[in-house]
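Chain letters run A, B, ... following the sequence lines, proteins first and then strands; every chain starts at 1.
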Number of protein chains: 2
Amino acid sequence: MFAGCAPVTPPVRIGDKWTAKIIRCLQDGPRRYSELKVPLTGITPKVLTESLRSMERDGLLTRTAHPGIPPKVVYELSPLGHSLVEPLDTMCAWSRANLPKVLSARDAYDLT
Amino acid sequence: MFAGCAPVTPPVRIGDKWTAKIIRCLQDGPRRYSELKVPLTGITPKVLTESLRSMERDGLLTRTAHPGIPPKVVYELSPLGHSLVEPLDTMCAWSRANLPKVLSARDAYDLT
DNA sequence: CCGGATCCCAGACGATACTG
DNA sequence: CAGTATCGTCTGGGATCCGG
């Protein structure tokens with residue numbers, strides 16, 4: 001789940017490339033598949049589907065298919081998924097606040 | 001840094017397998033290389049060295065080599081590194097509290 | 001004691017094309 | 001619209017051995 005707690009239960013969900021972003025996209029309410037693809041710029045359908053399925057398996061969100069033409073599938077955060085929003089915000093806040101320091105530390109290090 | 005904030009600045013530090021654990025090992029004071037290897041069960045010397053170098057480059061810790069035989073190298077968290085302790089604790093607390101739920105959600109999902 | 005050098009692999013991620 | 005299928009890539013990390 002989260003690598004900071006030993007041992008990691010695969011697959012690593014938090015800390016992978018997309019899980020956190022997907023949760024952010026869903027935190028204000030349910031969304032359809034195509035409504036997720038837009039803000040998640042660069043994600044391919046395969047990876048989006050994989051991620052959603054895996055998060056559904058972990059109980060972070062629910063998938064509801066409304067049959068018909070055209071198909072309509074809605075994803076919604078579960079209470080468990082919602083409980084992740086705040087920890088994620090904490091991490092993102094740190095990242096936003098400190099990324100400049102990290103970057104300049106890298107520059108300084110690479111100079112030598 | 002942290003994948004939840006787009007776009008990710010490689011390499012991904014937080015969320016990789018060892019960074020969070022190394023910070024936890026150093027949060028109560030400086031430690032030598034060999035003192036890190038013990039609690040980080042399973043880590044190979046190569047990976048430990050790589051991780052420490054990379055974190056040093058990012059300004060998360062400092063490396064101080066005391067010359068002599070035998071060599072003695074001390075690693076210590078920088079203020080920037082220390083500032084990560086609390087966000088990390090938040091994530092770990094979530095993981096500890098909710099891992100059972102995730103695991104049982106997986107079991108339920110796999111039954112179908 | 002503290003690593004560097006080398007080789008290797010699995011699994012995450014992406015590109016592209018196709019379908020009920 | 002909401003996915004599958006197939007294939008290729010790339011990198012984090014492990015195994016093992018060697019050196020100052």
Side-chain angles (χ1 to χ4, degrees), chain A residues 1-4 6-22 25-26 30-58 60-76, chain B residues 1-4 6-23 25-26 30-58 60-76 106:
Chain A
M1 285 304 303
F2 179 60
V8 181
T9 306
V12 176
R13 295 243 51 77
I14 313 164
D16 71 348
K17 188 167 180 181
W18 297 108
T19 300
K21 292 176 185 173
I22 291 174
C25 288
L26 289 174
R31 278 176 187 270
R32 302 178 56 181
Y33 185 88
S34 50
E35 294 172 334
L36 286 169
K37 267 184 79 172
V38 178
L40 299 170
T41 47
I43 198 169
T44 60
K46 177 202 165 197
V47 173
L48 178 53
T49 302
E50 276 177 3
S51 304
L52 289 169
R53 289 277 198 281
S54 186
M55 293 170 71
E56 184 193 6
R57 184 168 102 99
D58 284 355
L60 296 179
L61 51 78
T62 60
R63 187 188 111 107
T64 317
H66 298 82
I69 305 287
K72 183 178 173 181
V73 182
V74 174
Y75 295 91
E76 182 170 15
Chain B
M1 286 302 303
F2 177 60
V8 181
T9 306
V12 177
R13 296 243 50 76
I14 312 165
D16 71 347
K17 188 165 179 181
W18 296 107
T19 300
K21 292 175 185 174
I22 291 174
I23 289 183
C25 288
L26 288 174
R31 278 176 186 271
R32 301 181 53 184
Y33 185 87
S34 49
E35 294 171 333
L36 285 170
K37 267 185 78 171
V38 179
L40 299 170
T41 46
I43 199 169
T44 60
K46 174 204 166 198
V47 173
L48 178 53
T49 302
E50 275 176 4
S51 304
L52 290 169
R53 288 279 197 279
S54 186
M55 294 170 69
E56 184 193 5
R57 183 167 104 98
D58 284 354
L60 297 179
L61 52 78
T62 60
R63 188 188 112 109
T64 318
H66 298 82
I69 305 289
K72 182 178 173 180
V73 182
V74 174
Y75 296 91
E76 182 168 15
R106 282 182 192 174

Checklist outcome for this item: Taken to the nearest whole Å, CG/B:D16 to C1'/D:dC10 is 17 Å
Next on the checklist: Rounded to whole Å, how long is the line connecting atom CD of A:E35 with atom P of D:dA2?
Outcome noted: 8 Å
Item to check | Heavy-atom side-chain proximity of B:V73 to B:R63 below 4.5 angstrom | outcome: yes
Checklist entry - Starting at CD1 of A:I69 and ending at C1' of D:dC1, how long is that distance when rounded to a whole Å? => result 9 Å
Checklist entry - How long is the line joining CD1 of A:I43 and C1' of C:dT16, in whole Å? => result 16 Å
Item to check | Minimum-distance nucleotide to A:W18 side chain [options: D:dC1, D:dG13, C:dG14] | outcome: C:dG14
Next on the checklist: Do A:K37 and A:P45 make a side-chain contact, defined as non-hydrogen atoms from C-beta onward lying under 4.5 Å apart?
Outcome noted: yes
Next on the checklist: Does C:dA15 have OP1 or OP2 under 4.0 Å away from a side-chain N or O of A:T44?
Outcome noted: no
Next on the checklist: As an exercise, state the distance from CD of A:E56 to CG of A:L52, rounded to the nearest 0.5 Å.
Outcome noted: 8.5 Å
Next on the checklist: Rounded to whole Å, please give me the gap between CD in B:E50 and C1' in D:dA15.
Outcome noted: 13 Å
Item to check | Whole angstrom value for the distance that separates C1' of D:dG12 from CD1 of B:I14 | outcome: 17 Å
Checklist entry - Tell me, do A:T49 and A:Y33 make a side-chain contact under 4.5 Å, heavy atoms counted? => result yes
Checklist outcome for this item: Whole-Å distance, A:L48 CG to D:dG3 C1', equals 10 Å
Next on the checklist: Which nucleotide wins on minimum distance to the side chain of A:Y33, given the candidates C:dG3, D:dG13, D:dA2?
Outcome noted: D:dA2
Item to check | side chain to side chain donor-acceptor pair (under 3.5 Å) assessment of A:Y75 paired with A:T64 | outcome: CA-CA 6 Å; A:Y75 295 91; A:T64 317; over 6 Å; no
Checklist entry - Does B:K37 place a side-chain N or O at less than 4.0 Å from the phosphate oxygens OP1/OP2 of C:dC2? => result no
Next on the checklist: Check the phosphate of C:dG4 against B:R53, side-chain N and O only, distance under 4.0 Å to OP1 or OP2. Yes or no?
Outcome noted: yes
Next on the checklist: Counting only side-chain heavy atoms from C-beta out, which of C:dG14, D:dG3, C:dC1 sits nearest to A:T49?
Outcome noted: D:dG3
Checklist entry - A:K17 has an atom NZ; how far is it from atom P of C:dC13, in whole Å? => result 7 Å
Checklist entry - Hey, is the side chain of A:R32 poking within less than 4.0 Å of OP1 or OP2 on D:dA2, counting only N and O atoms? => result yes
Checklist entry - Taking the side chain of B:K46 as heavy atoms from C-beta outward, which of C:dC2, D:dG13, C:dC13 is closest to it? => result D:dG13
